[in-house]
Number of protein chains: 2
Amino acid sequence: MDGSVQQRSGAVDKRRQILDAAVTVFARQGFHATRVSDIADEAGVAYGLVYHYFNSKDQVLNELFLERWSLLLAAIGEAERTAGSHRDKLAAVAGFIFESYRHDPELMKVIIVEVTRAANSFGRTHLEEIRRAYEGIAKIVADGQAAGEFRADIAPRFASQAFYGAVEQLLTEWIFDNVQPADAHFEEARNLLVTTICDGLEPR
Amino acid sequence: MDGSVQQRSGAVDKRRQILDAAVTVFARQGFHATRVSDIADEAGVAYGLVYHYFNSKDQVLNELFLERWSLLLAAIGEAERTAGSHRDKLAAVAGFIFESYRHDPELMKVIIVEVTRAANSFGRTHLEEIRRAYEGIAKIVADGQAAGEFRADIAPRFASQAFYGAVEQLLTEWIFDNVQPADAHFEEARNLLVTTICDGLEPR
DNA sequence: TCAGCCTGATTGACTCGTCAATCAGGCGAT
DNA sequence: ATCGCCTGATTGACGAGTCAATCAGGCTGA
């Protein structure tokens, strides 16, 4: 009769607890360097319980990635649909990504370091999902070109890569520094990013 | 009496052979997934010989990275010193990186995937070296601002990140696709990159 | 109401394969 | 005969995943 979809008793959701612990530990040690027992310890849970909820260590990371990436894809679609100028749309996308970092730096670190940039392991596994984001951005650029807001002599796919690459590199700096930038920095980063790239995309 | 710096006999340089084999195998399987025996097999050499020349599997990768990264740092210094406008200097830097990929895609793949973008493992180890490159690029931007070629309201360090991030993301696409782009693509990539970023950096 | 049953959550010792690194010895050149 | 390149079997650590046992709480029928 209660609204929650908990499995049986009113116990805390252990599954969620394990996922959250995994984020912390993956962020701290990296995926390869964390043992499943580290996750269990961090979650305050027995080793075997991780395998009760997940098939493998990999699946834990997959779950974390998909959970958040789907939000990004949704945000891109949303920006495409609602924001004003195409420049604004790109700003909205960059804003969402920076905002994700502000909201949960550990999770973003894990996603970027272990998935998005891991061309040999999870990056390859989730290539399709990742590319869906690039394509969304490319579509905004293409529409902007059609509308005459952006110069037409730059391939949208190319612009999309440059845009996303710049965003991710900025985040990577924060990740390396293990820094939680002040609110003002987020605003600034988004604005400068959009200024630099979009001005570069404008017709001359 | 011969010009080479070989260790003793006239035998082929096994050390080099091992390094080259490592590049191939690291590129194919990723660092974590390759066993030292894979390297030895690829090099046509006994397992133990790897440990004759290197202290550890890690050291093999370190060697590969430093070997090439020092060339990049040299190229940045060179560009800073010689090329004409500051835009040309940035074009020279981007050109060198793209050229490195054209010359040896496997090596660049390994360096980017396993070092430059590996915030939890080798990226952290070599952070200082990596940053030296960012700083070199930032210096070019700063000089360009001082010369009035670039707008002054964008932090050089920031522009540097955006620039390098865009370059690396483009390379990453080729890496994911396992593609050896035609010569024309390199030229095009460099030009578009410089166009996009530098135009964005220009005073309005 | 309550005993007994049942289900599924939870535990952690254990297995089993994998691999980095070592080492003792062989071989060829000088 | 000696030195240093070279070999590959062996060792030992380590960690993912398994599994049999325990536990808790709800549900049944009398």
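Reminder, nothing fancy here: chain letters follow the sequence lines and each chain counts from 1.
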OP1 or OP2 of [N] under 4.0 Å from side-chain N/O of [X]:
| X | N | result |
| --- | --- | --- |
| B:His52 | D:dC5 | yes |
| B:Lys14 | D:dC6 | yes |
| A:Tyr47 | D:dT18 | no |

[X] side-chain proximity, nearest of [options]:
| X | options | value |
| --- | --- | --- |
| A:Tyr53 | C:dT22, D:dA16, C:dT10 | C:dT10 |
| A:Ser56 | D:dG8, D:dC5, D:dG17 | D:dG17 |
| A:Ala46 | C:dT11, D:dT7, C:dA20 | C:dT11 |

(request) Working to the nearest 0.5 Å, report the span between CZ of B:Arg35 and CG of B:Asp41. (result)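 Going from the CZ atom of B:Arg35 to the CG atom of B:Asp41 covers 8.5 Å.
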Quick one: [X] [atom1] to [N] [atom2], roughly how many Å, whole number?
| X | N | atom1 | atom2 | result |
| --- | --- | --- | --- | --- |
| A:Asp58 | D:dG15 | CG | P | 16 Å |
| B:Asp38 | C:dT18 | CG | C1' | 12 Å |
| A:His32 | D:dA16 | NE2 | C1' | 13 Å |
| B:Asp41 | C:dA20 | CG | P | 12 Å |
| A:Lys57 | D:dC14 | NZ | C1' | 12 Å |
| B:Leu49 | C:dC27 | CG | C1' | 14 Å |
| A:Gln17 | C:dT10 | CD | P | 9 Å |
| A:Tyr51 | C:dC14 | OH | P | 18 Å |

Do we see a donor-acceptor contact under 3.5 Å between the side chains of [X] and [Y]?
| X | Y | answer |
| --- | --- | --- |
| A:Glu63 | A:Tyr53 | no |
| A:Tyr134 | B:Gln169 | yes |
| B:Arg117 | A:Thr172 | no |

(request) Using the ring of A:Phe98 (Phe, Tyr or Trp, six-membered ring only), decide whether A:Arg190 places NZ or CZ under 6.0 Å from its centre and within 45 degrees of its axis. (result)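 Verdict for A:Phe98: no cation-pi partner in A:Arg190.
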(message) Categorize A:Ser37 for me: base, sugar-phosphate, or nothing, with a 4.0 angstrom heavy-atom threshold over every strand shown.
(response)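 Nothing, no nucleic acid heavy atom in range.
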(message) Between the side chains of B:Lys109 and B:Glu173, is the shortest nitrogen-to-carboxylate-oxygen separation below 4.0 Å, so that they form an ion pair?
(response)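 No, no charged N to carboxylate O under 4.0 Å.
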(message) Between B:Arg132 and B:Glu128 (salt bridge meaning N to carboxylate O under 4.0 Å), is one present in this structure?
(response)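 Answer for the salt bridge query: yes.
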(message) Tell me the bend of the helix from C:dT1-D:dA30 to C:dT30-D:dA1 as the angle between end helix axes, each from five pairs, rounded to the nearest 10 degrees.
(response)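 End-to-end axis angle for the helix from C:dT1-D:dA30 to C:dT30-D:dA1: 10°, rounded to 10°.
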